[in-house]
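Step one of this worksheet: look at the structure below.
Counting from 1, the numbers follow the sequence of the chain as shown.
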Amino acid sequence: DFFIEEIMSLDFDINAQYNSRFMQFIAEAQEKGEVRPEIRPEFFMAVLDKLRELAFDEELIKKYPNFLEFNREIKDFFWYGIYARPDRGK
């Protein structure tokens, strides 16, 4: 599963339809309590854009034994970094 390759290959500046769907996905997840509601969807989008930059950083990639581990690290950072905090409830 190459999440990063799939997500990072999208051109976020051009693909307004993807942006809209992603923002809707985040907003719905916030309503369900699946991601932190206090963070604006626009911020999630900005973080994803910065992760896209990191995904192509050759020096950073070299610090991992293989691309799969690097890919997993970025994916985990994004998804587990936005999950609802257990101490906050729903």
Side-chain angles (χ1 to χ4, degrees):
D1 146 41
F2 287 94
F3 167 81
I4 296 305
E5 286 182 342
E6 292 172 21
I7 295 296
M8 299 307 156
S9 67
L10 298 173
D11 186 340
F12 294 112
D13 294 328
I14 294 172
N15 198 339
Q17 183 179 10
Y18 175 82
N19 288 351
S20 176
R21 286 188 0 220
F22 181 80
M23 297 282 274
Q24 182 179 2
F25 169 78
I26 292 297
E28 289 172 4
Q30 287 176 317
E31 289 174 12
K32 294 177 190 174
E34 295 172 345
V35 298
R36 294 171 49 191
E38 69 272 15
I39 299 176
R40 294 178 185 205
E42 295 84 359
F43 184 77
F44 288 125
M45 199 66 178
V47 168
L48 191 57
D49 193 45
K50 292 300 179 187
L51 288 175
R52 181 175 186 246
E53 289 177 26
L54 287 174
F56 293 104
D57 183 326
E58 292 296 326
E59 292 303 312
L60 183 58
I61 293 169
K62 289 177 187 176
K63 297 178 188 286
Y64 290 81
N66 57 60
F67 186 76
L68 184 59
E69 191 171 320
F70 176 66
N71 177 54
R72 187 175 299 121
E73 183 99 324
I74 290 177
K75 176 181 64 89
D76 288 351
F77 178 79
F78 182 75
W79 288 113
Y80 298 124
I82 66 170
Y83 272 47
R85 288 175 39 181
D87 61 335
R88 294 266 175 122
K90 287 191 176 185

Problem set entry | Student check: side-chain heavy atoms of F70 and L60 closer than 4.5 Å | yes
For this session: Taking the side chain as every heavy atom from C-beta outward, state whether E38 and Q30 have any atom pair closer than 4.5 Å.
Result: no
Problem set entry | Salt bridge present between E69 and R72 (N-O < 4.0 angstrom) | no
Separation of [Y] [atom2] from [X] [atom1] (nearest 0.5 Å):
X	Y	atom1	atom2	value
I26	E34	CD1	CD	10.0 Å
L51	D57	CG	CG	12.0 Å
I61	L54	CD1	CG	9.5 Å
M45	E42	CE	CD	10.0 Å

For this session: Quick one: list whatever passes ring pair (Phe, Tyr, Trp, His ring centres under 6.0 Å) with F43, sequence neighbours left out.
Result: none
Exercise. Between F44 and F78, what is the ring plane arrangement, given parallel below 30°, perpendicular above 60°, and tilted in between?
Worked result: perpendicular
